[in-house]
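A short worksheet on the structure shown next.
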There are 4 protein chains.
Amino acid sequence: MARDVNLNADMGEGYGAFAVGDDAALLKIVRSASIACGFHAGDFMTMRDIVGRAVRGGVSIGAHPGFNDLWGFGRRRIDMSPSEVESLTAYQIGALQGIAANAGTKVTHVKPHGALSNMAAEREDYALAIGRAIKTIDRDMIYVAQAGTKMQTAAETLGLTVAREGFCDRTYEDDGALTSRKIAGSVLQDPEEVTRRVVDMVLNERIVARSGKSLSIRVDTICVHGDEPSAVAVARSVRAGLEAAGIRVVPLTEMALG
Amino acid sequence: MARDVNLNADMGEGYGAFAVGDDAALLKIVRSASIACGFHAGDFMTMRDIVGRAVRGGVSIGAHPGFNDLWGFGRRRIDMSPSEVESLTAYQIGALQGIAANAGTKVTHVKPHGALSNMAAEREDYALAIGRAIKTIDRDMIYVAQAGTKMQTAAETLGLTVAREGFCDRTYEDDGALTSRKIAGSVLQDPEEVTRRVVDMVLNERIVARSGKSLSIRVDTICVHGDEPSAVAVARSVRAGLEAAGIRVVPLTEMALG
Amino acid sequence: MARDVNLNADMGEGYGAFAVGDDAALLKIVRSASIACGFHAGDFMTMRDIVGRAVRGGVSIGAHPGFNDLWGFGRRRIDMSPSEVESLTAYQIGALQGIAANAGTKVTHVKPHGALSNMAAEREDYALAIGRAIKTIDRDMIYVAQAGTKMQTAAETLGLTVAREGFCDRTYEDDGALTSRKIAGSVLQDPEEVTRRVVDMVLNERIVARSGKSLSIRVDTICVHGDEPSAVAVARSVRAGLEAAGIRVVPLTEMALG
Amino acid sequence: MARDVNLNADMGEGYGAFAVGDDAALLKIVRSASIACGFHAGDFMTMRDIVGRAVRGGVSIGAHPGFNDLWGFGRRRIDMSPSEVESLTAYQIGALQGIAANAGTKVTHVKPHGALSNMAAEREDYALAIGRAIKTIDRDMIYVAQAGTKMQTAAETLGLTVAREGFCDRTYEDDGALTSRKIAGSVLQDPEEVTRRVVDMVLNERIVARSGKSLSIRVDTICVHGDEPSAVAVARSVRAGLEAAGIRVVPLTEMALG
């Protein structure tokens, strides 16, 4: 039986006149777009543009909420209360829903960004706060969670549909966490190496950590980072590699998720 | 037959640690709240707080979108394209819907703020852009429009339910426009004078302009401005005055609107 | 021999249309103003207004730099590198110098705000980074440092003039740190109690901690917080109490500092 | 006798994680840098980085103040009062001075950005407000003014040193104003065409307008825009073309200005 997997990318991470990444090219390769919602990056016009392109390309749409820290691009850990995290997430999901409705489409997944995602991977209260925002707004939205983290268990606790995410261009630590971006070599840029890792991750359910240790991992979706210069080449290679291995690359909305 | 009217106030116009107005007191007097959505003022926590209080008080909820100009409090005219106005409005409506859904309630009206409202009163393209944002997101939402302006006709053109708004604490020019806030005396603060004007406006469908000229006006809702120090006393007096004149003060959602 | 002390307040902590505190009243009581510089609060017009009033009132002027976190009012701890702290501080000092020069006056002290101040009190690298910004811009500016903290020693290490600061309206922990604002009762609002504590602090060089323990403290300047509703009454009482005890209240620029 | 001219570029027009232009390459070609100061773009770290590179490269430094409109990149006309323009300019000049002092150097010119520049070219009150900010902060700073506009006459009225600026990559209207960026073809990107125009401008003191009409223009400095993809190739060609024509390209601080 054919195995399906989703390929997603973070998009719309510019702001006003500032552009980041080649979203138009990525939208022809990935099948789901996680769109910045105006807090760590993104704005109403960027969002509108990406949503329109995604609809035309058959790419499913998700919110990519982050901390309210434009200067820090949502990568700085900021201590907020869980109720602040819940409202911050609800605001951003709703904002994208407004833009999506205006373009005649729907938001079908939510994937936290940067430091918010990393903190929610570790902290159950954050992971649940994000999950409650999803559940109260539209319980059919998919919670995209770093595989094997508190986000995944929070989604399960709340009875939400979860997509377990693996990162193709980031190295892992032995405990399954992503290596910090501050450490040299944590972002992989060689398309062949990345593709080999991804196919291994999907077919064999494992990833080799930075230490060389083999970790068990089950993923439904693979993230390509839109803000790296190598993103388009990497994404193209990964998609071709997956298809060559007999794996179908589909939108999140077409995955059979738990 | 008893005449109904709505009393609405702009709320949640603080930002983070900055507080503006006594929203808790106003929420016991008015029946509809127009809530700032994070662009000219407001933030996810302020919005969450007001929405929760409104639900408990039987006050209906609306979005109060403005220009993306926090420093200028949305009062500076900025030349945006109609498509920018449409997306800016859709974003803000959606953001409040996210907060409202998270609190278990719904957004039932939209009322533009400040310079955006004043420009939409004059410019059909702006008034229609706001209307399209409303229509595509939830065509049952009420478009609160300055009575007799392009906003009212745009709502009618688009087939939206419109609530015609009068201002109780602002003076009018002979052409029906609000006197600019820059002109001394344009904001009325004496509760008795304001109440007399409001009852006259509702019962006799007229307002006396700054020049002394009597203007014809039909209103469904009266706005009390939350950011004036006198707002609470004025609102209390207006509500008592309306009820003493046999007029029922109801939420926008209970008005029979065209 | 008469003892001198300075009384300072944080000012200009509004933003655009958002006002905080009664700065005009405080400027008639305190002798030095620490002015927000646009990052945690403050903007070019607020700064210009306070600087003008300070000049007319014989009040000396200082920069009050904070984290770039308007929503959080600079009260959220954010992990920045020391070189980021140095540039962030240099920018804000310079900005106030620009406003001050435009008004024909000078910036004579620097006092960090909120979480930046609390982190610099604990971390030598932050305290030194702030000190280097001061030293490279104008080595005659006074470094206002929480008494007994890393800020005081950093100022001494760099050969800067330091003013040791005590807080009249905040409780202290046994280790000399301020009690977190999150703890109930950490901000004192009774003018008589505060005044008694201040006179004791200046004359007897001690403060009684929250636990009841008596701590030794030597201060050159006392801070009144401008953002509390009770600030004006407290400041007036403190100044009267100090003068009744024979203590002169002078600008920082007239203090004999080490 | 050899003719001198300055070549300047707008720099540091990114924000946080958002990068714009190849400033490092441009700094090897131009002799003066006009640095964004945090309002329309730029931040304390970007400014610090550019200032350090400029010092090492013998490039003179100027402030590039703009409207407080990050989303609009300072290109939207916003109606501010002259006193707001004066304080907004003073703040930004001071901020860069703080960063420059921290790096051991000085700010030697001021050049307004975008809509602020275009409005000051037309409005004497804006041009004078900017001039007063310069004069009160450091009257030796050079006011870089669009040649033949109100900015030039304001600088002369205030007795400031002025550098008359020409644009190499923008087309002109018959009245000497720049063609709006909204009009196709208003930004020239062909290095040869641009170079020919610049040499003609410097040697023959004329520019050919979009209509074909020849305009008289005297310039001391030529602007290369850093935010266009073609900026580096254009700047390199312009510099080589000027030098091939026997014109020395020097920092603003080495020009003999009126």
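Here is the naming used below: chain letters follow the sequence lines, and residue numbers restart at 1 for every chain.
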When heavy-atom pairs shorter than 4.5 Å are enumerated against chain A, which of Met47(B), Gln97(B), Met45(B), Arg48(B) gives the highest number? Met45(B)

Less than 4.5 Å to any heavy atom of chain B: does that hold for the side chain of Asn68(A), its backbone, both, or neither? side chain

Whatever's closer than 4.5 Å to a heavy atom in chain B on Ile93(A) counts as neither

What residue in Ala101(A), Ala95(A), Ser83(A), Ala100(A) has the most heavy-atom pairs under 4.5 Å with chain B? Ala95(A)

Go through the steps for Glu122(B) and Thr149(B) under the test side chain to side chain donor-acceptor pair (under 3.5 Å), then give the verdict. CA-CA 7 Å; Glu122(B) 298 164 11; Thr149(B) 66; over 6 Å; no

Would you check if Tyr143(B) and Lys135(B) make a side-chain contact, meaning some heavy-atom pair closer than 4.5 Å? no

Taking the six-membered ring for Trp and the single ring otherwise, decide whether the centroids of Phe39(A) and His113(A) are under 6.0 Å apart. no

Taking 4.0 angstrom as the limit, do Glu86(B) and Arg132(B) come out as a salt bridge? yes

With a 4.5 angstrom heavy-atom cut-off, could you sort out which part of Glu84(A) is near chain B: side chain, backbone, both or neither? both

Taking Ala133(B), Cys37(B), Ala103(B) one by one, which has the highest count of heavy-atom pairs under 4.5 Å against chain A? Cys37(B)

Determine, for Asp10(A) against Lys111(A), whether the closest basic-nitrogen to carboxylate-oxygen distance falls under 4.0 angstrom. yes

